[in-house]
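Side-chain atoms are counted along with the backbone in the values below, which use heavy atoms only and exclude waters and symmetry mates.
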Number of protein chains: 2
Amino acid sequence: MDIENLVKEKDIKLTTARTEILEKLIHAKKPLSYDDIKKDISMDKATFYRNITKFEKKMIVNSFESNDKKRYFEIFESPHPHFVCVVCDSVECIKKHLEFKLSGYTIENIILKGKCKKCNQI
Amino acid sequence: MDIENLVKEKDIKLTTARTEILEKLIHAKKPLSYDDIKKDISMDKATFYRNITKFEKKMIVNSFESNDKKRYFEIFESPHPHFVCVVCDSVECIKKHLEFKLSGYTIENIILKGKCKKCNQI
DNA sequence: ACTTTAATGCAACTTAGTTGCACATATAAA
DNA sequence: TTTATATGTGCAACTAAGTTGCATTAAAGT
């Protein structure tokens with residue numbers, strides 16, 4: 001996956017700031033918060049949030065609120081569940097497909113909250 | 001369900017403030033945020049949050065973070081999924097049991113995010 | 001180059017929730 | 001009934017993620 005493909009036909013100017021954000025998210029193995037990536041990007045947080053909002057509107061990025069009051073962002077791909085640890089606040093993607101229908105509702109994201117492997121061993 | 005049963009053997013003093021919170025939650029049909037119930041309770045928000053934290057530790061109340069940056073609280077009963085609308089931020093309980101296992105993990109809450117019935121019709 | 005439009009940085013703001021501290025209430029001991 | 005000790009409460013100040021207003025800068029079209 002490369003950045004040109006992501007923004008293709010999305011009517012978005014590819015500025016330095018935007019490239020930095022997308023680069024970081026593309027190489028991430030799990031959703032990241034602003035806090036997770038601020039050390040690796042050079043823009044102001046206002047710029048970060050304005051750009052991420054734009055990415056979300058264009059369906060390039062997708063986000064959800066975790067347990068730690070932070071928003072987590074990932075490149076929008078085929079929908080998959082996420083696991084959020086209520087002890088250590090870590091966030092993971094669940095590869096397994098979770099089929100679940102609810103008539104009248106549209107389900108966009110499934111979030112499982114609980115204790116992750118590490119925290120279960122303590 | 002009554003309040004005496006809830007706090008029985010939980011080593012909790014039943015003050016006026018605590019009774020107010022529990023009364024409200026017992027009669028709620030869905031999880032409520034502080035914002036939802038502040039008009040109906042007479043205590044300071046610090047007292048509310050300190051008590052709700054205590055209830056959570058004692059497994060009387062259970063909570064989760066929604067999409068609107070607010071925490072939603074409900075009386076702790078048998079675990080069930082919740083639906084959170086990403087458009088109108090409404091929160092609902094899902095009665096249907098959702099079985100989902102993930103080895104090594106403990107799942108405490110399942111949150112489905114998407115569009116609710118109302119918002120789907122718009 | 002000139003104009004128009006969108007992007008950025010900075011600082012101030014918003015808001016859910018937390019914390020320190022003094023005062024109040026309750027339970028236990030004397 | 002007083003005294004001691006612990007717990008609960010209100011108020012105000014604080015915290016931290018995210019937002020907004022505004023002046024400045026950069027980019028794209030003519």
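Between B:Y49 and C:dT18, a side-chain N or O to OP1/OP2 separation shorter than 4.0 Å is absent.
Atom CZ in A:R18 sits roughly 6 Å away from atom C1' in C:dA7 (whole-Å rounding). Nucleotide C:dA7 holds its P atom 10 Å from the CZ atom of A:F55, rounded to whole Å. Put simply, CD on A:E65 is 12 Å from P on C:dA16, counting in whole angstrom units. The separation between B:K13 atom NZ and C:dT27 atom P is 6 Å, rounded to whole Å. The distance from atom CD1 of B:I52 to atom P of C:dG17 is 10 Å, rounded to the nearest whole Å. Atom pair B:N51:CG and C:dG17:P shows a separation of 15 Å (rounding to whole Å applied). Counting to the nearest Å, the C1' atom of C:dT18 and the NZ atom of B:K54 are 16 Å from each other.
In this structure, B:K45 reaches the bases: a heavy-atom distance under 4.0 Å links it to at least one base atom across the strands shown.
Heavy-atom contacts from other residues, nucleotides or ligands closer than 6.0 Å to NZ of B:K115 number 12 or fewer. Crowding of A:K117 atom NZ: a count of heavy atoms from other residues, nucleotides or ligands under 6.0 Å not exceeding 12. Heavy atoms of other residues, nucleotides or ligands lying less than 6.0 angstrom from CG of A:D11 number 12 at most.
Side-chain atoms of B:R50 stay outside donor-acceptor range of the base of C:dG17, with no qualifying N/O pair under 3.5 Å.
Residues from residues 23-42 of chain A with heavy atoms under 4.0 angstrom of DNA chain D: there are none.
A donor-acceptor pair under 3.5 Å links the side-chain atoms of B:H80 to the main chain of B:S78, judged by distance alone.
Read 5' to 3', the first and last nucleotides of DNA chain D with an atom closer than 4.0 Å to a heavy atom of chain B are D:dT7 to D:dG18.
Between A:F64 and A:Y72, the two ring planes are parallel [angle under 30°; tilted spans 30° to 60°]. Ring geometry, A:Y49 versus A:Y34: the interplanar angle falls from 30° to 60°, so the pair is classed tilted.
When each of B:K69 and B:A46 is assigned the nucleotide of DNA chain C with its nearest heavy atom, B:K69 is the one assigned upstream, toward the 5' end. Taking the nucleotide of DNA chain C with the nearest heavy atom to each of B:D68 and B:D44, the more 5' of the two is matched to B:D68. Sequence order on DNA chain D of the closest nucleotides to A:T15 and B:F48 puts B:F48 first from the 5' end.
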(request) Give the C-alpha distance, both sets of side-chain angles, the deciding distance and a yes or no for side-chain contact (heavy atoms from CB on, under 4.5 Å) between B:E74 and B:H82. (result) CA-CA 11 Å; B:E74 68 183 347; B:H82 294 97; 2.9 Å; yes
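B:S42 and B:E20 share a donor-acceptor pair across their side chains, judged by distance under 3.5 Å alone.
Applying the salt bridge (charged side-chain N to carboxylate O under 4.0 Å, His left out) rule to pairs touching residues 42-66 of chain B yields B:E65-B:R71, sequence neighbours excluded.
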